[in-house]
Amino acid sequence: MLLWIAFSLMTGAAILAVLWPLRAGVAPAASAAEADLAVYRDQLAEIERDRATGQIGAAEGEAARAEVARRILRASAEVSQQVESSRGAETRRRAAAVVALVGVPLIAGTLYLALGSPAYPPQPLTARLEAQPEQTDISLLVRKVEAHLEANPNDGRGYEVVAPIYARMGRIEDAARAWKSAIRLLGSNAPRQTGLGEALTAQAGGVVTAEAKSAFEAALAADPKDPKARYFLGLAAEQDGQPAEAGRIWGALAADSPADAPWQGLVRDSMARVGATPPAAAPGPSTSDVAAAESLTPQQRQEMVRGMVERLQSRLAQDGNDIDGWLRLIRAWTVMGEAEKAKAAASDARTHFAKDEPALGRIDALARELGLGS
Amino acid sequence: MNPEIGHYALVLALAIAILQTVLPIWGARSGDAALMRVGPALAIAFAGFVALAFATLVAAYVQSDFSVLNVVENSHSMKPLLYRITGTWGNHEGSMLLWVLVLAIFGALVALFGYNLPASLKANVLGVQASVAVAFLLFILLTSNPFIRVVPPPAEGQDLNPILQDIGLAIHPPLLYLGYVGFSITFAFAVAALIEGRIDAAWARWVRPWALTAWAFLTLGIAMGSYWAYYELGWGGWWFWDPVENASLMPWFAGTALIHSAVVMEKRDALKVWTILLAILAFSLSLLGTFLVRSGVLTSVHAFATDPTRGVFILAILVFFIGGSLALYAWRAPALRQGGIFAPVSREGALVLNNLLLTAASAAVFVGTLYPLALEAFNGEKITVGPPYFNLTVGALMLPVVFAMPFGPLLAWKRGDLAGAAQRLMVAFGAGIVIAALAAYAQGGGPILAPFGMGLAAFVVIGAAVEIFERAGFGRVPFATAIARFRGLPRSAFGGALAHTGIGICLFGIIAETSWNAERIVGVKVGQSFEVGGYELTLARLEPREGPNYRDLVGVFNVRRGGVDAGTIESAKRIFTARNMPTTEAGIRTIGFSQLYVSLGDELPGGTVGVRAYWKPFVTLIWLGSIVMALGGALSLSDRRLRVGAPKPAKKPKAAAPVAAE
């Protein structure tokens, strides 16, 4: 409301700029010839001055004087010929006033309604950072953690908390840097090292670089059973051109893992790729495996989530009328760092709800929020 | 502040500009004083609303309001305050808004200080100027709107472009725009004169302050841009004949020609048609410069915008204003009354020579800049026209201009005495020969360019002084009289002489730097030394340093000359953490008018660092000379004659202009 009052005042001021000079009773302005005369008189005076001080010779001065005098004569003649030509002035003024009263709001209003976004309030950053947490989005929370870390650069916990979030938001470089800081400040352990290795691998477009490899090796040094580190080391071997070694690592991983471990499928597919034979389905989980499952690391939990998400996807492929399901799927893929899959899911959802405006709006809003583009 | 207020102010400004294009010109055509008075009122309102829009955008930058797309794309909350402010015009949209703001300020200045102008001319000028504003506001609102919003706003902005985080960005674009856009006023005066069909000696006097203002700012803008490139790019070069630089040089040549031909017009009522053409050309070349930089047809350090729709829009603006004004010119110019006649050897003749050469130089730059583009557009062939072409053509054209410069002011109007002028310049000739001999001796062989060029520079500087002394009559009249006459000389005489001195100073710097500069590229370890330009530089230490949003690797060099300590130089390789982007922070030490320039390269294995070091003799004179030139323009601007026609207190108060009562 306040905004519209401001707009009205501004429009009023603009209209006033036209109406004010139109008011009657102002002396007529000097004509062009009169203004010329003022300049020529000054030129004449200057020539006199120059001649008096001897800066120009008498002959030169006389010639210049004659020239300026001719200009003065011409301008004076023009002044005397001038006639008052303000016939129809009243009509013109009225027309101008109408143009201003109608034209200004019309042009400004139409254009602004087409281009402006009056519904959006200003959002200065400091005000947003001070707002209640439940009113802010994840990216702002990250921003706050960042501000905190800037002030306390030795808070290892902070880096550890923010690193996986970076990875999910697709800020891979920041994730790698945060993991490195966490390791530097809190010491090495398996989750931190695998997190770092994974970020570095993602950064290199899926190639397990030497740096990533040494991170996974450090993870194994801390926890020889870490499945993720073992998987990636197998991948490193494959990429190094040692399929047999890769098959051996993955074989051991498959054998060590419970049969229903969510990564079994991935490991077995990989083994098939390098031509190794996966071990026969392992017997039921041992007591130690159950204990391990209870203390799942976040990464392992994520693998579990992947299974659930895949199930959701196949369900939606059969029956796609569940908009909330689609939104959950898009968000889930994004959270897991699978931007391509998220995009594919979003475009599938869009085709499915092509005729449903509100649903489309929700999909687009979510895609924007997640930074998926469109 | 709510960004929407700025957006609405901008839209409102467009509405005002449309009315300002129509109403005052209508008033001028029908002789209606009230309608003509609408022009100044609207010009002031227009400036107010554009300033409001600009201030809103600046506020959004300062507060990091990431609900504004332009702020998201071009700012970052970690930027220091100054660079958040300057970031407003460090991008395409913001810089176009600055362009229009400058346009609006000039319009308001005409409205406020043009009280000595005849009402109809003033109305037409403001109308024409508003038409330029309409075109650019449409361009901004439809293709480059800085007020587009994002919902939900992201948490952080994207841009921290380190090259643009520099004080140079705060100063260079506004100065350049003051120059570019300043010529819109002379353009408006020219088109207004063509519309009225009335042009005389008085017109030249009214146009002169605006031409001088624009010219002085353009001079400073170009010099500032050159210095910025010099210290920021790390190559030690101060002029690259980059198309963007050329784009600013072309209107400078045309503008320089304009301020000179306007003198002839004012004094002798001659060269009127030519002066009008120059006024049109100067602004057309400014528009062309804007087009070259803004459309993205070039790829250079300055090109931040690449969007074909914008290019086509600007091209349309270009065609409309240049084509339209030239068509109007072709139609109306033949009808203008011709003025005074003069002999070839005269003050007028000298100024015509100056004009022809400057215009030719402008054309040479134009061809060299646009020929490669045209060739690429027609058959896809990529060629570059490099410094040799420009040095040869512009150099060859500037040589006679500079040589003739001291002669011009010593020649009389109408019919001059060349031999007499030469005789009076004997002192300057002598100074030139002495300096040339000294330079040849200091150089001990080598290119002839250095002694010749320095001699010429000295000739110009002394020649400018001779002019003033001659006009005061020192040596010819009694000393006291000469002093009195010296005091009585108009400021514009001093301004002209000062600007000419500035050219001499600048020329000296250019010649000295190009002929005598020394360059060393070496790899050194800490403790090792090398020599450049007679100075011994030792890498004392390499140390990391933390800045607010960057990390520096600083190389500290001890400078010694002949075994005597001459201070230190710190040169840094700077990494901006947010973008992981390196820049070079050249270490510069000014010694007298010369500079030692050290630029740190990459760290090589084994602790060796690549270092580029330059000795640049008298290099600062290039920019100091430009500042002196601009000061000359300012001095000339303060001449009281430029304000003539204003109601004087001694006469009837309140009269808009002295009326022909006698």
Side-chain angles (χ1 to χ4, degrees), chain A residues 3 6-7 10-11 13-14 17-18 20-22 26-32 34-40 42 46 49 53-55 60 63-64 67 71 76 79 85-86 89 92-93 96 99-100 103-104 107-108 111-112 115-118 120-126 137 139-140 142-143 369, chain B residues 2-5 7-9 11-12 14-16 18-19 23 30-38 41-42 45 63-67 77 116-121 141 145 149 151-156 198 200-202 205 269 340 412 414 471 473 477 485 488 641 644-645 656-660:
Chain A
L3 193 65
F7 288 175
M10 288 158 74
T11 317
V18 179
W20 182 253
L22 287 179
V26 185
S31 74
E34 286 162 348
D36 280 2
L37 270 180
V39 171
Y40 299 148
D42 181 70
E46 191 190 341
R49 217 166 35 240
T53 54
Q55 279 186 54
E60 203 185 332
E67 217 174 278
R71 286 180 213 156
S76 311
V79 171
S85 70
S86 36
R92 275 194 300 271
R93 280 173 205 198
V99 165
V104 170
I107 298 172
L111 256 177
Y112 180 75
L115 300 171
S117 322
Y120 297 167
Q123 302 255 22
L125 190 63
T126 37
D137 51 52
S139 54
L140 261 190
V142 170
R143 184 75 187 61
E369 183 197 329
Chain B
N2 193 329
E4 294 304 314
I5 295 273
H7 201 168
Y8 189 71
V11 171
L12 208 51
L14 175 63
I16 292 176
I18 293 173
L19 292 192
L23 295 181
S30 54
D32 190 319
L35 274 185
M36 289 193 271
R37 264 197 316 268
V38 171
L42 281 181
Q63 300 175 336
S64 292
D65 186 339
F66 294 125
S67 68
S77 67
N116 53 353
L117 300 178
S120 63
L121 180 66
L141 286 168
N145 195 331
R149 309 289 298 277
V151 170
E156 191 48 271
R198 175 192 174 86
D200 43 38
R205 183 172 280 192
D269 209 19
K414 269 181 144 171
R471 287 184 73 166
V477 297
R485 272 162 63 168
R641 289 177 302 171
V644 159
V659 185

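Chain identifiers are assigned alphabetically (A, B, ...) following the order of the sequence lines, protein sequences preceding nucleic acid strands; residue numbering begins at 1 within each chain. Basis for what follows: all heavy atoms, side chains included, without hydrogens, waters or symmetry-related copies.
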Peer 1: Is B/Asn145 in contact with chain A via its backbone, its side chain, both, or neither, using a 4.5 Å heavy-atom distance?
Peer 2: side chain
Peer 1: Go through the atoms of B/Leu12 and report whether side chain, backbone, both or neither lie under 4.5 Å from a heavy atom of chain A.
Peer 2: both
Peer 1: Identify which part of A/Ala100 has an atom lying under 4.5 Å from any heavy atom of chain B, answering side chain, backbone, both or neither.
Peer 2: both
Peer 1: For residues B/Leu23 and A/Ala96, report the shortest heavy-atom separation together with the two atoms involved.
Peer 2: CD2-CB, 4.0 Å
Peer 1: Using 30° and 60° as the class boundaries, would you call the ring planes of A/Tyr112 and B/Tyr8 parallel, tilted or perpendicular?
Peer 2: perpendicular
Peer 1: Search all heavy atoms of A/Pro21 against all heavy atoms of B/Arg37 and return the closest pair with its distance.
Peer 2: O-NH2, 3.3 Å
Peer 1: List the steps, then state whether side chain to side chain contact (heavy atoms under 4.5 Å, CB included) holds for B/Val38 with A/Trp20.
Peer 2: CA-CA 8 Å; B/Val38 171; A/Trp20 182 253; over 6 Å; no
Peer 1: Go through it in stages, so that I can follow the logic: the residues are A/Met10 and B/Ile5, the test is side chain to side chain contact (heavy atoms under 4.5 Å, CB included), and I'd like the CA-CA distance, side-chain angles, deciding distance and then a yes or no.
Peer 2: CA-CA 9 Å; A/Met10 288 158 74; B/Ile5 295 273; 4.2 Å; yes
Peer 1: Taking all non-hydrogen atoms of both residues into account, name the closest pair between A/Ala108 and B/Val11 and its distance.
Peer 2: O-CG1, 3.1 Å
Peer 1: Who pairs with B/Ala201 by side-chain contact (heavy atoms from CB on, under 4.5 Å), at least two apart in sequence or on another chain?
Peer 2: A/Tyr40, A/Arg71, B/Asp269
Peer 1: With chain A as the partner, which of B/Leu35, B/Leu14, B/Ile16 has the greatest number of non-hydrogen pairs under 4.5 Å?
Peer 2: B/Leu35
Peer 1: Heavy atoms, side chains only, cut-off 4.5 Å: are A/Arg93 and B/Asp32 in contact?
Peer 2: yes
Peer 1: Using non-hydrogen atoms only, which part of B/Ile18 is less than 4.5 Å away from chain A: side chain, backbone, both, or neither?
Peer 2: side chain
